[in-house]
Every structure is written in structure tokens, then in C-alpha cells.
Participant: 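Please find one structure pasted underneath; my questions will follow.
Labels below follow one simple rule: chain letters A, B, ... track the order of the sequence lines, proteins then strands, and each chain is numbered from 1. What you are looking at is a predicted structure, and each value in this text was computed from that prediction instead of being measured.
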Amino acid sequence: MNKTEYSGLKKIVSWNVNSVNARLPHLLDYLRTEQPDILCLQELKCMTEKYPKADIEALGYGSQVFGQKAYNGVAILSKSPLELVSENFEDNAADVSARFIACRQNDVVFMCAYVPNGQSLGSEKFLFKLDWLHRMRKYLEAKFSPRDKIVLVGDFNIAPDDRDVYDPVGWKEHIHCSAQERESLSLVTRFGFIDTFRIHNQKNGQFSWWDYRDGSFLENRGLRIDLIFATPSMALKCKGSRIAFEQRSKERPSDHAPVESFFDI
DNA sequence: ATGGCTAGCCCGGCTAGA
């Protein structure tokens, strides 16, 4: 999908910025030139007080921010008002990580998720990751219906299938690609979500993350782990999706590129 | 092969990411 095809459509974006303050020049440049309607950020890596609110407001964007010291942190940005729905899953879990925020704008709920990395199969962090996704499913069931208009985006830290992995044989049953993780992701999506990137595009080799090391981006050795899901009523309105690779070519980039889906709403 | 980058933390080597 090229830029002329999406004029007039609402642009909804997911971007793991790997520190909002380290990435501030790129973020402001992206807001100025790309004018997203909804921008969901993950890995702010700062407390809410340290979020660069004023610089972002100067470009006309408001933010709903759920920050945390050093790690994690998520935010949703828009030029139109966003009403906070929830931070994390409101399930009284002994989980202090700031990884989920949901906001409403008109009749659509936007959810921004930073799914735990999981480190390695069978580790404590791996079990936390699977449990986190199960908690997300429970949250969805408790508060929403698949008939609602919901756009759920984020860094899922799971490549949905082998087309989303540069070396599926080498990554088989490795973290981000294991059957257990894919099953837990499927548990969430079976609530009623469609992967909007795949509505109009079935090709392999299209990635949203590339390791900083070893020239991975130049060789396109990456994974598609940043995903934009929508419930059917919203997915019907999705006209296309693209990955903003150009952001990954910049100097001192995030290791993730923004993923953009375009909606006729 | 468990490293190869990068960012935050509290001020140089650790943790964590994916």
C-alpha cells in the first residue's frame, strides 16, 4: 500500500519506540510528517512524569500515558480526545509492570499492549508471558463483546506464523515462535480479532523488528511481532496495512518499525 | 558457540530486550 492509496483513511499505528526519550526526535518527526490518527507506543522506558508531554502537545497531540521506571510503559496518542478505559487488566494480579492501556474515542476502543518478552521456553518469564495473555483474554471477556468496535495493537512478542519469521527452521520452537506462545496468542484472538496486516497481504518476509546486532536490518533478518488486530466490524473497514521500514533506516532507530493500518471510518 | 547492539540505571558494569 502506498501513500496515495490511504489518503482520507484513518491511520492507526503501533510502534515499540524502545525509550520514548531516546527516540524523541524520531517520534516528533513521525508525528509531523505522517500525522497518525491513533499512535500506540510501547516500551516508553520512563515514568509518566518523565514522558515528553509538552513536546508532543506542541504538535497538537494529546497522550494517555501509563509509565514505569526503567522498563515497559505504554501510551496512546491522538489529536482527538481519548477517554481512559483502563490500565492493565484490573484483575488484582501481583503484576506491577505497565504493559497495557485501553482508551475510548467515540464508539471505538483502542488497546495498546506490550506483551512480555518471555526470555526462553520454560523460564519463569515464559510462564508469566503465557499467563499474561490468558489474563488479557479474561479481561476482554469481562468487559467487552466481539461485536464492539475494538482495535487491539501492540508488540506481541510472538510471530503469528512461519511467514512472519526470516528463518522458520532455525527459529522453530524458539522464543517468539513456539507452539505454546502461538496457542496463547490464538486464545486472545479467538475472542474475535482479525490480524489486519493479513487482510490484504499474504506475503512472507515482512517484518517489524530486526536485531540491532549483525546487520540484521540490512539483510532483512527479522520477525513480524508488532500486530494490529480488529474486531470484525472494524476489520471490515480496514483498507490496507504497511510497515514503515524507513523509520528503521534512520540513525539511532528503535529496533522496531511502526506498523500502520488504514481504516475507512 | 550465548556473543554480536542499545537503553536505563546510577555513574562502569549490571539487567533486559528479542
Side-chain angles (χ1 to χ4, degrees), chain A residues 14-28 40-52 55 65-75 95-100 112-133 153-182 184-185 197 204-227 243 245 247-259:
Chain A
S14 182
W15 191 11
N16 178 324
V17 284
N18 185 17
S19 168
V20 69
N21 286 304
R23 220 62 60 211
L24 188 59
H26 292 344
L27 173 61
L28 297 177
C40 296
L41 301 179
Q42 303 89 36
E43 275 209 88
L44 302 178
K45 287 188 169 176
C46 67
M47 292 183 288
T48 302
E49 310 86 275
K50 298 274 174 74
Y51 179 85
D55 291 304
V65 184
F66 182 27
Q68 177 188 335
K69 191 175 182 179
Y71 305 111
N72 308 319
V74 286
D95 172 13
V96 293
S97 55
R99 293 181 176 272
F100 181 87
C112 174
Y114 177 43
V115 177
N117 174 295
Q119 199 166 54
S120 58
L121 267 67
S123 67
E124 224 169 274
K125 288 178 180 177
F126 184 73
L127 299 176
F128 178 70
K129 178 181 197 173
L130 301 185
D131 184 56
W132 197 91
L133 289 162
V153 321
D155 175 0
F156 283 79
N157 271 314
I158 300 170
D161 67 60
D162 283 351
R163 291 173 298 175
D164 305 314
V165 184
Y166 73 93
D167 175 15
V169 174
W171 280 73
K172 195 174 168 59
E173 287 307 305
H174 276 71
I175 194 71
H176 309 302
C177 304
S178 70
Q180 276 187 91
E181 289 165 276
R182 286 173 173 172
S184 295
L185 177 62
F197 185 77
N204 63 2
Q206 305 170 100
F207 308 127
S208 64
W209 169 87
W210 303 258
D211 201 303
Y212 281 123
R213 299 165 288 193
D214 228 17
S216 297
F217 180 65
L218 293 172
E219 304 288 333
N220 197 30
R221 290 191 296 262
L223 303 172
R224 188 176 72 93
I225 55 178
D226 299 275
L227 310 172
I243 297 169
F245 308 100
Q247 294 298 322
R248 188 61 175 79
S249 314
K250 289 186 167 183
E251 203 145 324
R252 295 189 79 78
S254 168
D255 45 355
H256 298 251
V259 180

Participant: Reckon A:R224 touches a base, only the sugar-phosphate, or nothing at all at heavy-atom distances under 4.0 Å?
Facilitator: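 Counting heavy atoms under 4.0 Å across all strands, no contact is made by A:R224.
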
Participant: Roughly how many Å apart are B:dC14 and B:dA1, using the P atom of each and rounding to a whole number?
Facilitator: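 Taking atom P in both B:dA1 and B:dC14, they lie 23 Å apart.
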
Participant: CD1/A:I158 to CZ/A:R224 distance, rounded to the nearest 0.5 angstrom?
Facilitator: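 If we round to the nearest 0.5 Å, A:I158:CD1 and A:R224:CZ are 12.0 Å apart.
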
Participant: Just confirming the chi classification of B:dG8, syn or anti, using 90° around 0 as the syn window.
Facilitator: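 B:dG8: anti glycosidic orientation.
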
Participant: According to side chain to side chain donor-acceptor pair (under 3.5 Å), does anything in residues 167-176 of chain A pair up with another residue at least two apart or in another chain? List the pairs.
Facilitator: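 Listed by first then second residue: A:Y166-A:W171.
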
Participant: Taking any atom closer than 4.0 angstrom to a non-hydrogen atom of chain A, what span of DNA chain B does the protein reach, first nucleotide to last?
Facilitator: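 From 5' to 3', the first and last contacting nucleotides are B:dG4 to B:dA18.
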
Participant: What distance separates A:L223 CG from A:C177 SG, expressed to the nearest 0.5 Å?
Facilitator: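 One finds 5.5 Å between CG of A:L223 and SG of A:C177.
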
Participant: Identify the heavy atoms of A:D155 and A:H256 that sit nearest to each other, and give their distance.
Facilitator: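 Answer, listing the atom of A:D155 first, then A:H256: OD2-CE1, 3.3 Å.
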
Participant: Just to verify, what does A:S178 make a side chain to side chain donor-acceptor pair (under 3.5 Å) with, not counting sequence neighbours?
Facilitator: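 Once residues adjacent in sequence are excluded, the partners of A:S178 under the side chain to side chain donor-acceptor pair (under 3.5 Å) criterion are A:E181.
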
Participant: Quantified in whole Å, what is the P atom distance between nucleotide B:dG12 and nucleotide B:dT2?
Facilitator: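 After rounding to an integer number of Å, I get 29 Å for this pair.
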
Participant: Select base, sugar-phosphate, or nothing to describe what A:D155 touches, counting heavy atoms under 4.0 Å on all strands.
Facilitator: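 Counting heavy atoms under 4.0 Å across all strands, the contact made by A:D155 is with sugar-phosphate only.
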
Participant: Need one value for A:N72: base, sugar-phosphate or nothing, where a base atom within 4.0 Å counts as base even if backbone is also close, heavy atoms only.
Facilitator: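 Contact class for A:N72: none.
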
Participant: Cut-off 3.5 Å, no hydrogens considered: what does the side-chain donor-acceptor table look like for residues 114-122 of chain A, sequence neighbours left out?
Facilitator:
residue: A:Y114; atom: OH; partner: A:E43; partner atom: OE2; Å: 3.4
residue: A:N117; atom: OD1; partner: A:Q119; partner atom: N; Å: 2.8

Participant: Please classify the nucleic acid contact of A:K125 as base, sugar-phosphate, or nothing, using heavy-atom distances under 4.0 Å.
Facilitator: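 Touches sugar-phosphate only.
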
Participant: In terms of the nearest nucleotide of DNA chain B, which residue is placed more toward the 5' end: A:C46 or A:H174?
Facilitator: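 It is A:H174, whose closest nucleotide lies nearer the 5' terminus.
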
Participant: Would you kindly say whether A:S254 and A:Q247 are connected by a side-chain donor-acceptor distance under 3.5 Å?
Facilitator: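 No pair is found: no donor N or O on one side chain lies under 3.5 Å from an acceptor on the other.
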
Participant: So what does A:Y114 touch, heavy atoms closer than 4.0 Å: a base, only the sugar-phosphate, or nothing?
Facilitator: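 Contact class for A:Y114: sugar-phosphate only.
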
Participant: Listed by chain and number, what are the ring-ring contact (aromatic ring centres under 6.0 Å, His included) partners of A:F197, not counting sequence neighbours?
Facilitator: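 A:F197 satisfies ring-ring contact (aromatic ring centres under 6.0 Å, His included) with no residue once adjacent residues are dropped.
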
Participant: Mind checking which stems touch DNA chain B? I mean at least 3 consecutive Watson-Crick or G-U pairs, both distances under 3.5 Å.
Facilitator: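 The stems that DNA chain B takes part in, listed by first number, are B:5-9 with B:13-17.
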
Participant: According to side chain to side chain donor-acceptor pair (under 3.5 Å), does anything in residues 207-218 of chain A pair up with another residue at least two apart or in another chain? List the pairs.
Facilitator: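 For residues 207-218 of chain A: A:N18-A:Y212, A:S208-A:D226, A:W209-A:D255, A:W210-A:N220, A:D211-A:R213.
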
Participant: Give the residues of residues 209-220 of chain A touching DNA chain B, defined as any heavy atom closer than 4.0 Å, sorted by residue number.
Facilitator: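 DNA chain B contact set from residues 209-220 of chain A: A:W209, A:Y212, A:R213, A:D214.
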
Participant: At a heavy-atom distance below 4.0 Å, what parts of residues 249-258 of chain A sit against DNA chain B?
Facilitator: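 Residues of residues 249-258 of chain A under 4.0 Å from DNA chain B: A:R252, A:H256.
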
Participant: Taking the side chain as every heavy atom from C-beta outward, state whether A:L41 and A:L27 have any atom pair closer than 4.5 Å.
Facilitator: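 Answer yes - side chains close enough.
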
Participant: Quick one: closest heavy-atom pair of A:A98 and A:G67, and the distance?
Facilitator: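 Minimum heavy-atom separation between A:A98 and A:G67: CB-O, 3.7 Å.
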
Participant: Just jot down the salt bridge (Lys or Arg N to Asp or Glu O under 4.0 Å) partners of A:D162, sequence neighbours excluded, or say none.
Facilitator: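 Counting only residues at least two positions away or on another chain, A:D162 forms a salt bridge (Lys or Arg N to Asp or Glu O under 4.0 Å) with A:R182.
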
Participant: When the C1' atoms of B:dT15 and B:dC10 are compared, how many Å lie between them, rounded to an integer?
Facilitator: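 B:dC10 and B:dT15 have their C1' atoms separated by 13 Å.
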
Participant: State which residues pass side chain to side chain donor-acceptor pair (under 3.5 Å) with A:D95; sequence neighbours excluded, sorted by chain then number.
Facilitator: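 Scan of A:D95 (side chain to side chain donor-acceptor pair (under 3.5 Å), adjacent residues dropped) gives A:S97, A:R135.
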
Participant: Checking all strands, does A:R221 fall into the base, sugar-phosphate, or nothing category for heavy-atom contacts under 4.0 angstrom?
Facilitator: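 Contact class for A:R221: none.
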
Participant: Using the test ring-ring contact (aromatic ring centres under 6.0 Å, His included), find all partners of A:Y51 that sit at least two apart in sequence or belong to another chain.
Facilitator: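 Once residues adjacent in sequence are excluded, A:Y51 has no partner under the ring-ring contact (aromatic ring centres under 6.0 Å, His included) criterion.
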
